Novice: 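Shown below is the structure under consideration.
Predicted model only: the values in this text are computed from it and were never measured.
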Amino acid sequence: MDTKELLKKVRKIEIKTRRLSDHIFSGEYHTSFKGRGMTFSEVRQYQYGDDIRAIDWNVTARYNEAHVKVFEEERELTMMLMVDISGSESFGSKNQFKKDIVTEIAATMAFSATQNNDKIGLILFSDEIELYIPPKKGRSHVLRIIRELIEFQPKSRKTDVAQALKFLSGTQKKKAIVFVISDFMSEDYEQTLKIASKKHDITGIRVYDIREEKMPNLGMVSMLDAETGEIELINTGSKSVRMNYEKQYNDKVNYFKETFSKSGSGVVNTRVDESYVTKLLGYFKSR
């Protein structure tokens, strides 16, 4: 993609998602996430009515007089966008690829955070960390994020959500609002999610296509595995083959829903041919 075409694409996404974030999401995002964190402000002398759990025993011992820690609401938050760019994200059947919707959702969330003067960071992942952009503020920073979402070419086609969550825990020491955007065709991330969700406010946004849910009966078909790059001859006429595919797919979807819910993280499911705006607004309102 040449620079001119890329800039045109970035601008198109900015116009669409900026409008959404300005008019719809910024207020909902603000209400849902603002003031969740408390940050240490100062130590002062104990006053009648103060919560005794706030007493700073070290300072109290030093001055021989009760002192309490004072915390204040964090006004500025950090949003981390964790975006799956593995091979399966290039799947699409309704005039739009999952990748396109994922880019729009990430851009909308980024502009919503900008409206609140928050920092935004980006982690692009496959089964490895493909790109990390540390959290920063500002429109030019958001446009860089959108540019990477559009044109970044992953080294690997596979997915490993656990690897991405481990990286998040290692790099993001301060509490962040985290959106993991993926189709979640991955396994064994329960433990890493449990650890990450103790510190961060995490939401999993599953973007999927209706054609992925069932394998059609088309007889013997050569199929490309988007995550391995291998072409396999599949007998889609076999009922057991179709049922096995469906079971594997549903197992991963249920694992996603149960694992995120169990860890206290948020869950959003949106199909490529549905309105992600409606889904996200519904989620924010229910928080």
Novice: Working note: Ile123 + Val83, criterion side-chain contact (heavy atoms from CB on, under 4.5 Å); need CA distance, chi angles, decisive distance, verdict.
Specialist: CA-CA 6 Å; Ile123 296 169; Val83 180; over 6 Å; no
Novice: Report yes if the side chains of Val68 and Gln47 come closer than 4.5 Å at any heavy-atom pair, otherwise no.
Specialist: no
Novice: Can you measure from OG1 (Thr259) to CG (Asn254) and round to the nearest 0.5 angstrom?
Specialist: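 If I round to the nearest 0.5 Å, the distance is 10.0 Å.
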Novice: Looking only at heavy atoms, which two atoms of Met79 and Phe179 are closest? And how far apart?
Specialist: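 Smallest interatomic distance, heavy atoms only, reads CE-CE1, 3.7 Å.
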Novice: Using modelled atom types only, decide if a donor and an acceptor are shared between the side chain of Asp84 and the backbone of Ser182 within a distance under 3.5 Å.
Specialist: no
Novice: Is there a path of hydrophobic side-chain contacts, each under 4.5 Å between heavy atoms of I/L/V/M/F/W/Y residues, joining Leu131 to Ile145?
Specialist: yes
Novice: Apply side-chain contact (heavy atoms from CB on, under 4.5 Å) to the pair Ser261 and Val267, showing each step before the final yes or no.
Specialist: CA-CA 7 Å; Ser261 299; Val267 170; 3.9 Å; yes
Novice: Do the numbers put Arg242 on top of the ring of Tyr245, so that NZ or CZ is under 6.0 Å from the six-membered ring centre and no more than 45° off the axis?
Specialist: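 Relative to the ring axis of Tyr245, which defines the angle, Arg242 lies outside at least one limit.
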Novice: Inspect the contact between Glu190 and Lys262 and indicate whether a charged nitrogen and a carboxylate oxygen are less than 4.0 angstrom apart.
Specialist: yes
Novice: Minimum heavy-atom separation for Gly237 to Asn217, with atom names?
Specialist: CA-OD1, 3.2 Å
Novice: Measure the shortest side-chain to side-chain distance between Arg206 and Thr270 over non-hydrogen atoms and say whether it is less than 4.5 angstrom.
Specialist: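 Contact flag for Arg206/Thr270 side chains = no.
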Novice: Any side-chain heavy atom of Val161 sitting closer than 4.5 Å to one from Thr192?
Specialist: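 No - every pair of side-chain heavy atoms lies 4.5 Å or more apart.
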Novice: Less than 4.5 Å apart, any side-chain heavy atom of Ile55 and any of Ile52?
Specialist: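 Counting from C-beta outward, Ile55 and Ile52 do come under 4.5 Å.
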Novice: Roughly how far, to the nearest 0.5 Å, is CD of Glu274 from CG of Asn269?
Specialist: 9.0 Å
Novice: Looking only at side chains, do Ser126 and Ser86 share a donor and an acceptor under 3.5 Å apart?
Specialist: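 Distance-only check fails for Ser126 and Ser86.
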Novice: Any non-hydrogen side-chain atom of Val241 less than 4.5 Å from a side-chain atom of Met215?
Specialist: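 Of all side-chain heavy-atom pairs linking Met215 with Val241, at least one is under 4.5 Å.
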Novice: Assess the residue pair Val268 and Thr203 against the criterion (side-chain contact (heavy atoms from CB on, under 4.5 Å)); give the C-alpha distance rounded to whole Å, side-chain angles, the decisive distance to 0.1 Å, and a yes or no.
Specialist: CA-CA 7 Å; Val268 179; Thr203 299; 4.1 Å; yes
Novice: Look at the side chain of Ser263 and the backbone N and O of Phe260, then say whether any donor-acceptor pair between them is shorter than 3.5 Å.
Specialist: yes
Novice: Check the angle between the aromatic planes of Phe184 and Phe256 and answer parallel, tilted or perpendicular using the 30° and 60° thresholds.
Specialist: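 The rings of Phe184 and Phe256 lie parallel, inter-plane angle below 30°.
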Novice: Could you pull out the closest heavy-atom pair between Glu148 and Leu122, with the gap in Å?
Specialist: CB-CD2, 4.3 Å
Novice: Rounded to the nearest 0.5 Å, what separates atom OH in Tyr46 from atom CD in Glu65?
Specialist: 13.0 Å
Novice: Any side-chain heavy-atom pair from Arg271 and Lys279 closer than 4.5 angstrom?
Specialist: no
Novice: Looking only at heavy atoms, what is the nearest atom pair of Ile150 and Lys99, with distance?
Specialist: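 So the minimum-distance heavy-atom pair works out to O-NZ, 3.0 Å.
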Novice: Could you tell me whether the side chains of Glu187 and Tyr255 share a donor-acceptor contact shorter than 3.5 Å?
Specialist: no
Novice: In this structure, would Leu168 and Tyr132 fall into the same cluster of hydrophobic residues linked by side-chain contacts under 4.5 Å?
Specialist: yes
Novice: Using 0.5 Å steps for rounding, measure from the CG atom of Asn116 to the CZ atom of Phe111.
Specialist: 14.0 Å
Novice: Between the side chain of Ser169 and the main-chain N/O of Lys166, is any donor-acceptor distance below 3.5 Å?
Specialist: no
Novice: I'd like to know if the side chain of Asn64 and the backbone of Ala61 have a donor-acceptor N/O pair within less than 3.5 Å.
Specialist: no
Novice: Between Glu14 and Arg11, is the closest basic N to carboxylate O distance under 4.0 Å?
Specialist: yes
Novice: Hey, which of Val178, Ile177, Ile133 is the one that makes side-chain contact (heavy atoms from CB on, under 4.5 Å) with Met80?
Specialist: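 Of Val178, Ile177, Ile133, side-chain contact (heavy atoms from CB on, under 4.5 Å) with Met80 is met by Val178 alone.
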Novice: Rounded to the nearest 0.5 Å, how far does CZ of Arg139 lie from CZ of Arg18?
Specialist: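 It is 6.5 Å, given to the nearest 0.5 Å.
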Novice: Please report the closest heavy-atom contact between His200 and Ala176, naming both atoms and the distance.
Specialist: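 Distance-wise, the nearest heavy atoms are ND1-N, 3.0 Å.
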Novice: Answer yes or no: are there more than 12 heavy-atom neighbours, outside Phe152 itself, under 6.0 Å from its atom CZ?
Specialist: yes
Novice: Going through the distances and angles, do Gln163 and Tyr189 end up as a side-chain contact (heavy atoms from CB on, under 4.5 Å)?
Specialist: CA-CA 8 Å; Gln163 198 62 31; Tyr189 51 83; over 6 Å; no
Novice: Side chains of Val207 and Ile105: does their closest heavy-atom pair fall under 4.5 Å?
Specialist: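 They are in side-chain contact.
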Novice: Between the side chains of Asp127 and Ser156, does any donor sit under 3.5 Å from an acceptor?
Specialist: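 Yes, a side-chain donor-acceptor pair sits under 3.5 Å.
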Novice: Have a look at Lys98 and tell me which of Asp209, Asp273, Asp183 forms a salt bridge (charged side-chain N to carboxylate O under 4.0 Å, His left out) with it.
Specialist: Asp183
Novice: So, Asp50 and Arg44, do they make that salt bridge, N to O below 4.0 Å?
Specialist: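 Counted as a salt bridge, because a side-chain N and a carboxylate O are separated by less than 4.0 Å.
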Novice: Are Tyr276 and Leu20 side-chain neighbours, meaning at least one heavy-atom pair lies under 4.5 Å?
Specialist: yes
Novice: Between the main-chain N or O of Ile13 and the side-chain N or O of Glu104, is there a donor-acceptor pair closer than 3.5 Å?
Specialist: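 Pair absent, no side-chain N/O of Glu104 close to backbone of Ile13.
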Novice: To the nearest 0.5 Å, how far apart are CG in Asp188 and CG in Asp160?
Specialist: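 The CG atom of Asp160 is 8.5 Å from CG of Asp188, to the nearest 0.5 Å.
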Novice: Taking all non-hydrogen atoms of both residues, which atom of Phe125 and which atom of Ala164 are closest, and how far apart?
Specialist: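 That would be CG-CB, 3.5 Å.
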